[in-house]
2 protein chains.
Amino acid sequence: MEAALELAATTRSLANLGLREVARHAGLNPNTFYRHFKDFDELGVAMLRDLGTELRAGLRERRMHPAARGFRLSDIGDPATGLDQAQELARESVGLVLDFVMEHREAYTVGIRELHGPSPVMRKAMQDLLEGIARDMTEDLLGVLKLPAITPEEMIEIARVIVRQMVFFSMDYLEQPERHAQIKRQAERFILLLFWGALAARAPELIVQSGLRFPEL
Amino acid sequence: MEAALELAATTRSLANLGLREVARHAGLNPNTFYRHFKDFDELGVAMLRDLGTELRAGLRERRMHPAARGFRLSDIGDPATGLDQAQELARESVGLVLDFVMEHREAYTVGIRELHGPSPVMRKAMQDLLEGIARDMTEDLLGVLKLPAITPEEMIEIARVIVRQMVFFSMDYLEQPERHAQIKRQAERFILLLFWGALAARAPELIVQSGLRFPEL
DNA sequence: CAAAGAGGTATACAATCGTCTACCGGCAAT
DNA sequence: ATTGCCGGTAGACGATTGTATACCTCTTTG
């Protein structure tokens with residue numbers, strides 16, 4: 001699995017790297033592959049399972065780590081501090097995801113490649129992973145962020161588009177190291193825009209009453 | 001090029017289909033390939049150029065076609081009708097893109113596969129294509145939609161995230177025909193959310209004054 | 001009218017591929 | 001104490017691959 005990851009990250013996609021090639025790079029006999037996997041799809045799913053759980057666990061752990069969070073759970077209540085929290089949360093989460101991507105660029109690259117790749121099995125597995133991350137995020141947001149008038153259904157939908165958009169932002173981040181700061185800003189602005197939009201859609205007068213302005217990032 | 005498109009759409013990605021395979025499927029001698037392209041990258045870029053210009057032209061043409069548009073350019077002015085226009089525009093554009101994707105599912109599938117694929121050349125070409133579409137959209141939006149306090153810089157940034165998000169919505173649309181209506185609604189809601197957010201970020205009082213409510217899609 | 005080039009073909013070669021059959025050491029369980 | 005499985009190896013197979021060289025036939029250009 002390590003050999004496959006290394007090979008796939010540098011050159012090809014998971015689907016089209018050769019059985020013998022992987023075995024050679026792992027220092028094993030080609031036939032040994034069959035002792036563990038029947039397909040290359042099976043290998044891919046196994047890799048994705050490992051890396052996916054690592055990713056979700058990493059995100060959750062860091063999200064739960066209270067030291068990095070500048071506000072307390074008791075601050076919740078009105079939409080003004082809600083939007084303030086949203087900004088803080090966006091800043092934190094964006095940095096967290098992008099850091100993670102940088103630390104696991106091989107796994108990320110290969111994984112995303114399979115998201116739109118030729119194998120339906122891998123595609124489904126990746127979509128499930130993203131959906132799981134979106135659900136984690138929703139749960140977390142609902143627990144911490146109190147924006148009134150935003151239903152759980154709206155929240156999961158917002159989380160989904162955020163996760164998917166972060167796929168692209170992460171790609172930019174990996175490919176253009178010189179634009180790191182700018183990409184972070186763009187991602188934060190995007191997330192904030194969604195929350196402002198969601199609040200404006202349900203209770204625009206709350207925004208006016210609070211006197212809060214959209215932050216210049 | 002036709003042979004490559006057909007083969008890539010059904011099974012593999014562009015990068016890993018064989019020279020001989022394509023030649024066979026096209027009814028040509030393997031060596032004939034070299035008369036036209038040096039690389040497979042070169043083939044890919046050529047295909048993307050053709051299909052990309054077709055896509056952009058198709059989108060532009062349909063966007064310019066005034067018959068499908070329920071409002072006139074003279075209706076512009078205040079943010080209330082601006083948001084109304086945004087809704088109409090979102091509905092139209094989403095339907096337009098998703099129709100196009102359905103009609104060109106092979107080309108779309110292959111193209112998106114290259115967006116995150118192993119070839120840097122193809123990746124760059126696809127990113128440029130998406131950027132071009134985003135610029136087209138921005139130009140169009142700025143010309144038709146008069147939402148005050150939204151700068152061109154904000155508009156292009158919004159267009160970019162819309163285009164990227166539509167990549168995912170299009171994938172859903174192709175893969176889940178039974179959810180067509182729902183996916184359309186989600187895409188429209190997403191776009192509207194961004195515009196409401198952008199307006200709320202700059203001029204929340206205008207939303208309150210207009211008395212407009214976020215539409216239940 | 002000749003030269004050049006563009007598009008296509010035939011043959012050949014070494015390399016790589018996935019997979020099949022057979023063999024082997026170690027460890028665990030009966 | 002032996003049976004059986006698990007992980008690994010060896011060798012061989014036919015198929016397919018990318019590419020090189022050489023030859024052919026139109027069309028265009030000088």
Side-chain angles (χ1 to χ4, degrees), chain A residues 1-51 53-54 106-107 109-111 113-114 116-126, chain B residues 1-51 53-54 106 109-111 113-114 117-126:
Chain A
M1 287 166 65
E2 289 175 15
L5 183 59
E6 291 173 12
L7 282 179
T10 58
T11 28
R12 303 158 188 77
S13 89
L14 257 190
N16 67 345
L17 44 79
L19 178 152
R20 295 183 102 105
E21 192 183 5
V22 176
R24 199 181 317 128
H25 193 257
L28 290 178
N29 189 282
N31 282 311
T32 309
F33 179 87
Y34 293 118
R35 306 288 182 190
H36 305 268
F37 311 103
K38 162 172 60 73
D39 267 341
F40 255 81
D41 266 348
E42 218 173 271
L43 198 178
V45 173
M47 290 172 62
L48 191 56
R49 177 175 33 80
D50 286 15
L51 297 170
T53 54
E54 184 191 346
E106 286 188 346
T109 305
V110 174
R113 197 161 293 165
E114 299 303 319
H116 297 200
S119 158
V121 180
M122 288 298 289
R123 238 163 29 215
K124 181 65 165 49
M126 272 301 298
Chain B
M1 286 165 66
E2 290 175 16
L5 183 59
E6 291 173 13
L7 284 178
T10 59
T11 29
R12 303 158 188 76
S13 90
L14 258 190
N16 67 345
L17 44 78
L19 178 154
R20 294 183 102 107
E21 192 183 4
V22 176
R24 201 181 316 129
H25 193 257
L28 290 178
N29 189 282
N31 281 311
T32 309
F33 179 86
Y34 294 117
R35 306 289 180 188
H36 305 268
F37 310 103
K38 161 172 58 72
D39 267 341
F40 255 80
D41 266 348
E42 218 174 270
L43 199 178
V45 172
M47 290 173 60
L48 191 55
R49 177 175 33 79
D50 286 14
L51 296 169
T53 55
E54 185 191 346
E106 287 188 347
T109 305
V110 174
R113 198 160 291 166
E114 299 303 320
S119 157
V121 180
M122 289 298 289
R123 238 161 33 213
K124 182 66 167 50
M126 272 300 298

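Chain letters run A, B, ... following the sequence lines, proteins first and then strands; every chain starts at 1. Values below: every heavy atom of this structure, side chains too, minus hydrogens, waters and symmetry copies.
- A:T32 contributes atom OG1, which lies 9.5 Å from atom CG of A:L19 (distance to the nearest 0.5 angstrom).
- Nearest heavy-atom pair, B:A8 versus B:V110, reported as atom, atom and distance to 0.1 Å: CB-CG2, 3.7 Å.
- Taken to the nearest 0.5 Å, the CD atom of B:E106 stands 10.0 Å off from the CD atom of B:E2.
- Note: CG (B:N31) to C1' (D:dT16) measures 15 Å, nearest angstrom.
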Report, one line per pair, each donor and acceptor closer than 3.5 Å where one atom sits in a side chain of residues 36-44 of chain B; sequence neighbours left out.
residue : atom : partner : partner atom : Å
B:D41   : OD1  : B:S119  : OG           : 2.8
B:D41   : OD2  : B:S119  : OG           : 3.4
B:E42   : OE2  : B:K38   : N            : 3.3

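- Applying the side chain to side chain donor-acceptor pair (under 3.5 Å) test to B:E54 and every residue at least two apart in sequence or in another chain returns B:H104.
- In this structure, A:P30 and A:R20 both approach DNA chain D, and ranking their closest nucleotides by distance from the 5' end singles out A:P30.
- Summarising the geometry of B:L7 relative to B:V22, their closest heavy-atom pair is CD1-CA, 3.9 Å, with the distance given to 0.1 Å.
- For DNA chain C, the outermost nucleotides in 5' to 3' order that have an atom under 4.0 Å from a heavy atom of chain B are C:dG7 to C:dA12.
- Taking every heavy atom of both residues into account, B:L48 and B:M126 meet most closely at CD1-SD, 3.4 Å.
- The stretch residues 22-29 of chain A comes close to DNA chain D through A:L28, A:N29, each having a heavy atom under 4.0 Å from the strand.
- Summary of helix geometry: the two end axes of the helix from C:dC1-D:dG30 to C:dA29-D:dT2, each defined by five base pairs via their C1' atoms, are inclined to each other by 10° (rounded to 10°).
- Within residues 33-51 of chain B, the residues approached by DNA chain C to less than 4.0 Å at the level of any non-hydrogen atom are B:R35, B:H36, in residue-number order.
- Closest heavy-atom contact between A:L17 and A:A4: CD2-O, 3.8 Å.
- A search for salt bridge (charged side-chain N to carboxylate O under 4.0 Å, His left out) contacts involving B:R123 returns A:E175, not counting sequence neighbours.
- The side chain to side chain contact (heavy atoms under 4.5 Å, CB included) test applied to A:R20 returns A:R24, A:P30, not counting sequence neighbours.
- The side chain to side chain contact (heavy atoms under 4.5 Å, CB included) check on B:D50 picks up B:M1, with sequence neighbours excluded.
- Here CE of A:M47 is found 4.5 Å from CG of A:L5. Values are rounded to the nearest 0.5 Å.
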